[in-house]
Enquirer: 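Provided herewith is a single structure, encoded as structure tokens, for subsequent inquiry.
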Amino acid sequence: MAVDFLKLAVPGVRSLSPYQPGKPIDELARELGLNEKDIVKLASNENPLGPGPKALAAIELAMEEITLYPDGAGFELKKALCEKLGVRTEQITLGNGSSDILDFIMRVFVNDGDNIVVSQHAFAIYGLLARMQGADCIQVSAINFGHDLNGMAAAINDKTRVVFITNPNNPTGTWITKQELVAFLDKVPEQVLVLLDEAYFEFVHEADYPDGIRLLDSYPNLVVARTFSKAYGLAALRVGYGVSSPELADLLNRVRPPFNVNSLALSAAAAALNDDEYTASSIAVNDAGMKQLTSAFAELGLSYIPSVGNFIAFKVPDGVVALDVYKKLLTKGVIVRPVANYEMPEYLRVSIGTEAQNAVFINALKAVLV
Ligand SMILES: *Cc1c(COP(=O)(O)O)cnc(C)c1O
């Protein structure tokens with residue numbers, strides 16, 4: 001008799017469906033019979049400038065040693081992070097993308113029958129990881145698409161192990177002020193962890209936007225996660241990090257797979273961290289692109305959620321189906337991101353591209369909406 005492997009899977013895994021990433025460029029190129037360079041992908045919040053020159057040079061050097069295992073301790077990258085962030089080596093956990101850090105915190109602290117607290121419209125990975133542990137995901141309704149921090153604090157119960165705060169949030173682009181964050185952290189019981197996901201930290205200019213790392217001394221239950229996938233332009237290399245108290249970092253490092261960050265990623269990330277020119281131009285391109293897109297939305301009479309990230313969610317006109325707009329944009333070689341699975345069925349999320357990419361998107365959108 002054939003074995004039903006689904007029945008053998010651990011309970012949390014049985015009900016999971018895989019994370020849905022943005023549509024890859026080569027897949028659409030194949031479907032449309034187009035050249036990959038004719039496709040504009042604004043679907044995964046990647047850096048439209050491509051990798052920076054210092055990161056590329058570091059990768060070339062590191063290539064010479066790819067027969068060797070990477071430095072499992074990530075000494076050079078941690079050193080660069082310590083200098084940049086003013087933290088100690090013992091506070092850092094390196095991840096294969098910051099998604100790894102989210103996974104580690106779940107595996108260390110979340111048991112079968114526990115729960116995590118997230119906001120409505122939060123990053124899908126949190127709930128996925130929680131269910132994998134057999135834990136519940138308590139979702140608190142958003143207010144104006146942003147986190148209801150009072151509601152989230154009130155939702156914490158004796159089974160809650162971790163609360164996830166995304167600042168700014170993806171896919172809404174909404175953000176939390178320092179005052180709001182501190183007031184929230186003051187309410188969280190000290191045995192409940194707070195994972196502050198700052199994947200888009202580098203893009204935010206607002207004066208009262210908090211730097212989570214500066215709050216670690218006051219809140220020993222806080223873990224800050226950041227990534228090299230967005231502003232630093234290294235999404236394919238998979239490298240991110242967590243910063244926390246040394247006690248928490250020690251625990252997170254216990255579940256970290258050996259050599260979880262490869263040597264090209266380690267070298268490129270350390271170099272990218274110090275390529276201020278590239279980072280500044282990435283942010284400048286984002287600022288200009290954000291203006292370009294919001295002006296176009298205004299001109300088209302489309303409403304959007306003001307965003308401080310490198311992406312923006314806009315609403316399709318009444319009577320128009322967002323998924324249809326997405327599909328028609330695909331036929332014009334433009335990939336954006338449907339966000340119906342984020343409980344935003346009337347919205348599409350578009351990443352900020354170069355001026356030329358944004359123009360292609362805007363023209364395609366105009367053509368699709370007439
Ligand atoms: C992109 C993103 C991440 C980072 O993903 P990586 O694994 O570092 O590539 C984390 N959180 C949010 C909310 C994101 O949008």
Side-chain angles (χ1 to χ4, degrees), residues 18-22 24 41-48 51 55 74 77 81 92-107 116 118-130 132 137 139 142 145-147 162-176 194-204 209 212 223-243 252 256-257 260-262 264-266 268-269 272-273 282 286 305 307-313 336-339 341-344 349-352:
Y19 175 75
Q20 285 178 3
K41 182 188 179 209
L42 298 174
S44 301
N45 304 340
E46 293 140 332
N47 192 318
L77 176 55
L81 285 167
I92 299 174
T93 308
L94 296 180
N96 190 268
S98 62
S99 318
D100 236 9
I101 307 301
L102 312 178
D103 182 37
F104 299 163
I105 200 164
M106 297 285 184
R107 286 200 275 143
I116 66 163
V118 305
S119 174
Q120 184 187 13
H121 317 303
F123 194 39
I125 302 274
Y126 310 145
L128 196 84
L129 291 169
M132 217 141 74
C137 184
Q139 182 179 295
F145 293 102
H147 291 32
V162 191
V163 183
F164 285 79
I165 302 292
T166 323
N167 198 27
N169 188 55
N170 169 25
T172 58
T174 50
W175 64 287
I176 293 160
V194 176
L195 189 291
L196 181 61
D197 187 338
E198 294 185 334
Y200 302 94
F201 176 84
E202 294 81 6
F203 293 107
V204 186
Y209 173 70
V223 177
V224 177
R226 291 193 190 159
T227 180
F228 287 93
S229 298
K230 312 286 161 57
Y232 294 108
L234 300 175
L237 288 181
R238 312 303 304 128
V239 49
Y241 57 96
V243 191
L252 297 179
R256 188 174 60 84
N260 65 325
V261 186
N262 73 75
L264 304 188
L266 288 171
L273 207 57
S282 302
N286 193 61
I305 307 169
S307 167
V308 295
N310 68 342
F311 54 86
I312 183 163
V336 298
R337 191 67 162 266
V339 282
N341 57 336
Y342 287 87
E343 301 185 9
M344 296 165 64
R349 189 194 70 190
V350 59
S351 305
I352 310 300

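Remember, it's 1-based here, ligands and their atoms both numbered in the order they're listed.
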Enquirer: May I ask you to decide if F123's main-chain N or O and N170's side chain share a donor-acceptor pair within less than 3.5 Å?
Expert: no
Enquirer: Can any side-chain N or O of N286 pair as donor or acceptor with the backbone N or O of G309 at less than 3.5 Å?
Expert: yes
Enquirer: Mark up the atoms of ligand 1 that fall under 4.0 Å of a heavy atom belonging to N170, in ascending order.
Expert: 13 (C), 14 (C), 15 (O)
Enquirer: Which ligand 1 atoms are under 4.0 Å away from a heavy-atom of R238?
Expert: 6 (P), 7 (O), 9 (O)
Enquirer: Students should be able to answer this: which protein heavy-atom is nearest to atom 11 (N) of ligand 1, and at what distance?
Expert: D197 OD2, 2.6 Å
Enquirer: Can you label the angle between the Y241 ring and the F228 ring as parallel, tilted or perpendicular, going by 30° and 60°?
Expert: tilted
Enquirer: Can you check whether E198's main-chain N or O pairs, donor with acceptor, with N167's side chain at less than 3.5 Å?
Expert: no
Enquirer: Evaluate N45 for polar contact with ligand 1, using N/O atom pairs at a separation under 3.5 Å.
Expert: no
Enquirer: As a check for students: among Y200, F228, F123, identify the option with a heavy atom nearest to atom 15 (O) of ligand 1.
Expert: Y200
Enquirer: A199 heavy atoms, cut-off 4.0 Å: which ligand 1 atoms fall inside?
Expert: 2 (C), 3 (C), 10 (C), 11 (N), 12 (C), 14 (C)
Enquirer: Before signing off on this row, confirm whether S98 and ligand 1 have an N or O atom pair separated by under 3.5 Å.
Expert: yes
Enquirer: Among all the protein's non-hydrogen atoms, which is closest to atom 1 (C) of ligand 1, and how far away is it?
Expert: K230 NZ, 1.3 Å
Enquirer: Between K230 and S282, is there a side-chain heavy-atom distance shorter than 4.5 Å?
Expert: no
Enquirer: Hey, are N45 and R337 close enough side-chain-wise for a donor-acceptor pair under 3.5 Å?
Expert: no
Enquirer: Flag the pair T166 / H147 as yes when at least one side-chain heavy-atom distance between them is below 4.5 Å, and no otherwise.
Expert: yes
Enquirer: Return a yes/no value for T166: is any of its N or O atoms, backbone included, closer than 3.5 angstrom to an N or O of ligand 1?
Expert: no
Enquirer: Could you tell me whether S99 approaches ligand 1 through its side chain, its backbone, both or neither, with non-hydrogen atoms closer than 4.0 Å?
Expert: both
Enquirer: How close does the nearest protein non-hydrogen atom get to atom 9 (O) of ligand 1, and which residue and atom is it?
Expert: S229 OG, 2.6 Å
Enquirer: On the 0 to 90° scale, with breaks at 30° and 60°, tag the Y200-F311 ring pair as parallel, tilted or perpendicular.
Expert: perpendicular
